[in-house]
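Order of appearance sets the numbers: ligands from 1, and atoms from 1 within every ligand.
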Amino acid sequence: MGKLLTDEDVAQYRRAGYHFPVRALSADEAHAYRDRLEAQERKLGGPLSGNMRHKVHLLFTWANELARHPRILDAVEDIIGPDILCWSTTFFTKEAHSPAFVSWHQDATYWGLSTNDVITAWVAFADAPVESGAMKFWPGSHLKKQLEHRDTFAADNLLTRGQEIAVDVPEAEGIDVPLKAGEMSLHHVLLAHGSGPNTTGDRRIGYAVRYIPPHVRQLKTQDSAMLVRGRDRYGHFELEPGPRADLDDAAILAHRTAVERSAKALYSGTDRTEFRA
Ligand code: NI
């Protein structure tokens with residue numbers, strides 16, 4: 001037994017490349033986080049978009065608190081060990097009745113990280129039934145190593161480059177990942193995954209938090225991350241400060257610096273320098 005996951009949960013993650021559902025927050029806590037996000041969206045006049053969808057934990061105290069949530073970190077520690085950096089956070093929001101989708105892809109494709117010891121915790125801020133465009137996983141695909149991808153930059157695709165796996169993914173092998181508000185899924189950086197449109201009357205809101213152990217290196221650029229548990233004995237990443245207040249000047253500056261750097265890595269080989277909507 002680990003801190004939160006059982007030995008069988010961890011074995012399943014290693015075998016299949018994912019584990020879910022894990023209860024990260026109570027339904028009430030999830031609701032409170034959703035309220036804070038939506039209050040912010042009302043202030044901004046719309047959903048977080050462009051650079052603001054990424055490294056959100058550098059901008060908002062509640063997003064930072066969640067990236068450091070002990071239950072999430074306990075599960076992550078059971079997979080990657082006690083020293084943990086939060087490398088990035090991204091919202092994947094699909095509005096009610098929206099065509100937004102995510103093509104089949106492996107996260108590792110453009111991230112530029114030196115090892116595959118990278119895990120995503122995807123936390124549901126709202127119920128995410130299959131019809132809302134819940135994620136689909138291709139079990140065991142993390143063992144296929146890196147597959148070839150092509151960029152599409154398709155308009156409704158929520159990924160940075162609209163990247164998709166260049167070979168046919170056997171749809172029948174995909175499994176649905178429905179989650180209740182406050183539950184999370186965990187997935188490996190090489191696991192092929194995607195998701196369809198939201199056909200329900202509610203928003204589907206996922207907060208994806210990417211964690212790495214400090215021995216990982218960024219191969220494409222100078223990069224930064226936030227120490228959220230244990231120690232960093234390597235110093236491969238510049239350590240990012242958490243926000244003292246939502247969108248205060250220091251937070252906006254730290255976020256801009258960090259996001260411009262990561263956009264450079266994620267868009268390398270293209271002429272883009274900013275995250276698209
Ligand atoms: Ni992904």
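Side chain of D246 to main chain of T61: a donor-acceptor pair is present (N/O by atom type, distance under 3.5 Å, no hydrogens or angles). A side-chain donor-acceptor contact under 3.5 Å links D83 to the backbone of R231.
Around the Ni ion (ligand 1), the protein N, O or S atoms closer than 2.8 Å are H105 NE2, D107 OD1, H193 NE2, listed by chain and residue number.
No close placement of the Y207 and Y33 rings is indicated, their centers lying 6.0 Å or farther apart.
Remark: R36 is not positioned above the aromatic ring of F60, lacking an NZ or CZ atom under 6.0 angstrom from the ring centre and at most 45 degrees off the axis.
D107 and H193 share a donor-acceptor pair across their side chains, judged by distance under 3.5 Å alone.
Put simply, the residue from H142, H188, Q12 that forms a side-chain contact (heavy atoms from CB on, under 4.5 Å) with Y18 is Q12.
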